[in-house]
Amino acid sequence: MKDAAMQSLPNAPQSAAVASAESDALAIQALEDRAEQRFVALRAELATRGQAEEATRSPEFREWMAARVQTDEAWGRWAMAMDALQA
């Protein structure tokens, strides 16, 4: 029965790949969002002291930028899985 179901859904493995890639990308996006929130909070704190420009030299800024790269990579994997599904 399982084999018959898979035959009727030729894109099932690829659909699973898309779903997995999307799930991963959303989780990584959430990590980026939290990193951004930490940066924004730090920048606001520094702004109260007239030092907002210092925020871009902080570990919070570097962590946020690194998280953005990871998010871009994760959504890239999702896009490639989507392309494979449509092929």
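Below, each value reflects all heavy atoms present in this structure, side chains not excepted, and no hydrogens, waters or symmetry copies.
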Q) What are the two closest heavy atoms between Ala25 and Ala74, and how far apart are they? A) CA-CB, 3.7 Å

**Q.** Closest approach of Ser15 to Leu85 (non-hydrogen atoms, all atoms of both residues)
**A.** OG-CD1, 3.7 Å

Q) Does Arg77 reach the side chain of Ile28, with side-chain heavy atoms less than 4.5 Å apart? A) yes

Q) Measuring from Trp64:CH2 to Glu36:CD, what's the distance to the nearest 0.5 Å? A) 4.5 Å

Q) Side chain of Arg62, backbone of Arg57: donor and acceptor closer than 3.5 Å? A) yes

Q: Answer yes or no: is there a donor N or O on one side and an acceptor on the other, between the side chain of Ser23 and the main chain of Ser20, under 3.5 Å?
A: no

Q.
Check for me, please, whether Met82 and Leu26 land in the same ILVMFWY cluster - side-chain distances under 4.5 Å, paths through other members count.
A. yes

Q: Treating Ile, Leu, Val, Met, Phe, Trp and Tyr as nodes and any side-chain heavy-atom pair under 4.5 angstrom as an edge, say whether Met65 and Phe39 lie in one connected cluster.
A: yes

(Q) Within the 4.5 Å heavy-atom criterion, are Arg38 and Glu63 side-chain neighbours or not? (A) yes

Q.
As an exercise, state the distance from CD of Glu45 to CD of Glu60, rounded to the nearest 0.5 Å.
A. 9.0 Å

Q: Identify the heavy atoms of Thr56 and Phe61 that sit nearest to each other, and give their distance.
A: O-CD2, 3.2 Å

Q: Determine whether the side chains of Gln29 and Asp33 contain a donor N or O and an acceptor N or O closer than 3.5 Å.
A: yes

